[in-house]
Amino acid sequence: MIEKTLAIIKPDAVKKNVIGEIIGMITKAGFRILGMKYTRINKEQAGSFYEVHKERPFYNDLVDYMSSGPIVPIALEKENAIEDYRKLIGSTDPAQAEEGTVRKLYGESKSYNAVHGSDSVENGIIEIGFFFSKSELVLCD
Ligand code: UDP
Ligand code: MG
């Protein structure tokens, strides 16, 4: 099934100057870019994006981190996108991530782990809608 997922290049990876490297890994893996922007979110927006984690001990730090600098949200499409993208980025904790994955290569820690990825088809659609209006999503053919 063709699925959509939301990637975000997080503030730590933007600061490391590896936006290009990460986009290269994503496109080489066969994902189509539907939309992409260089932007920044405030604490309120970060809090609402990560609402599901509100009760978790790391929530406040996560909100501070995600609003601490520019990010690059990217709407992606591919056959089996949810699973394949999560395989490409590796485990939440870079120390546990497989060799060659985005988080292994560029993540700092379980908190500062370079990229976001949607966890389900349903959330992929919801999360893309958080950053992109319909007219900002473009099909190349
Ligand atoms: N996170 C954290 N500490 C944890 C677990 C998660 O700081 O113990 C942060 C981390 O940035 C992670 C995000 O919260 O990417 C969302 O957590 P989730 O469990 O959804 O991981 P993901 O889906 O990003 O792999
Ligand atoms: Mg998640």
Side-chain angles (χ1 to χ4, degrees), residues 1-140:
M1 190 176 75
I2 302 279
E3 299 172 353
K4 292 179 173 60
T5 189
L6 178 77
I8 305 176
I9 303 178
K10 294 180 173 181
D12 58 310
V14 173
K15 283 188 190 112
K16 262 190 184 168
N17 276 324
V18 291
I19 293 174
E21 285 82 347
I22 294 173
I23 294 172
M25 289 177 74
I26 290 171
T27 52
K28 278 194 193 87
F31 292 85
R32 292 205 319 178
I33 295 174
L34 302 177
M36 176 160 68
K37 54 179 76 168
Y38 182 80
T39 187
R40 188 168 176 160
I41 53 174
N42 61 29
K43 281 193 189 195
E44 193 189 341
Q45 292 167 311
S48 129
F49 184 79
Y50 280 113
E51 184 94 46
V52 291
H53 292 311
K54 206 161 69 186
E55 306 305 326
R56 309 282 289 276
F58 58 81
Y59 179 73
N60 285 333
D61 288 342
L62 177 60
V63 167
D64 285 345
Y65 157 52
M66 288 303 288
S67 59
S68 69
I71 58 172
V72 182
I74 313 171
L76 298 170
E77 184 176 79
K78 185 186 174 298
E79 178 77 31
N80 203 39
I82 296 293
E83 191 186 334
D84 287 1
Y85 177 81
R86 292 197 68 98
K87 209 171 274 175
L88 178 71
I89 65 173
S91 302
T92 305
D93 183 352
Q96 315 271 325
E98 271 188 53
E99 289 301 325
T101 58
V102 176
R103 282 170 164 169
K104 184 71 169 191
L105 286 166
Y106 302 119
E108 289 294 319
S109 66
K110 193 172 184 182
S111 300
Y112 302 162
N113 56 7
V115 282
H116 169 79
S118 307
D119 63 8
S120 67
V121 171
E122 189 191 7
N123 284 336
I125 292 163
I126 293 169
E127 291 179 357
I128 286 172
F130 188 93
F131 286 101
F132 299 94
S133 65
K134 263 211 176 111
S135 64
E136 290 174 314
L137 300 170
V138 185
L139 286 172
C140 55

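Counting starts at 1 for both ligands and their atoms, in listed order. Values reported hereafter were calculated over all heavy atoms of this structure, with side chains retained and with hydrogens, waters and symmetry mates removed. Start at 1 with the first residue, then count along the sequence.
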Cation-pi between K37 and F132: NZ/CZ under 6.0 Å from ring centre and within 45° of the ring axis? yes
I'd like to know whether OH of Y112 has more than 12 heavy-atom contacts from other residues, nucleotides or ligands below 6.0 angstrom. no
If you take the nearest heavy atom of each of Y112, F58, F49, Y50, which one is closest to atom 14 (O) of ligand 1? F58
Check whether more than 12 heavy atoms from other residues, nucleotides or ligands sit under 6.0 Å from atom CD of E136, and answer yes or no. yes
Where is the tightest heavy-atom contact between K43 and S67, given as atom of each residue plus distance? CG-OG, 3.5 Å
the protein heavy atom lying closest to atom 17 (O) of ligand 1 turns out to be H53 NE2, 3.5 Å
Out of H116, R103, K110, indicate the one that has the non-hydrogen atom closest to atom 24 (O) of ligand 1. R103
Using a 4.0 Å heavy-atom cut-off, say whether R86 meets ligand 1 through its side chain, its backbone, both or neither. side chain
Winner among S118, G90, S111 once heavy atoms are compared against atom 11 (O) of ligand 1: S111
Considering the options I8, I22, I33, which one meets the side-chain contact (heavy atoms from CB on, under 4.5 Å) requirement together with I74? I33
Kindly compute the distance separating CD1 (I89) from OG1 (T5), expressed to the nearest 0.5 Å. 8.0 Å
Atom 12 (C) of ligand 1 [closest protein heavy-atom partner, distance rounded to 0.1 Å]: N113 ND2, 3.6 Å
Would you mind checking which non-hydrogen protein atom is closest to atom 9 (C) of ligand 1, with the distance to 0.1 Å? L62 CD1, 3.8 Å
Does the Lys NZ or Arg CZ of K54 fall within the cation-pi geometry relative to Y59 - under 6.0 Å from the ring centre and within 45° of the axis? no
Ligand 1 versus D61: contacting region, heavy-atom distance under 4.0 Å: neither
Could a heavy atom of K10 be found less than 4.0 Å from some atom of ligand 1? yes
Ligand 1 and T92, any nitrogen or oxygen pair closer than 3.5 angstrom? yes
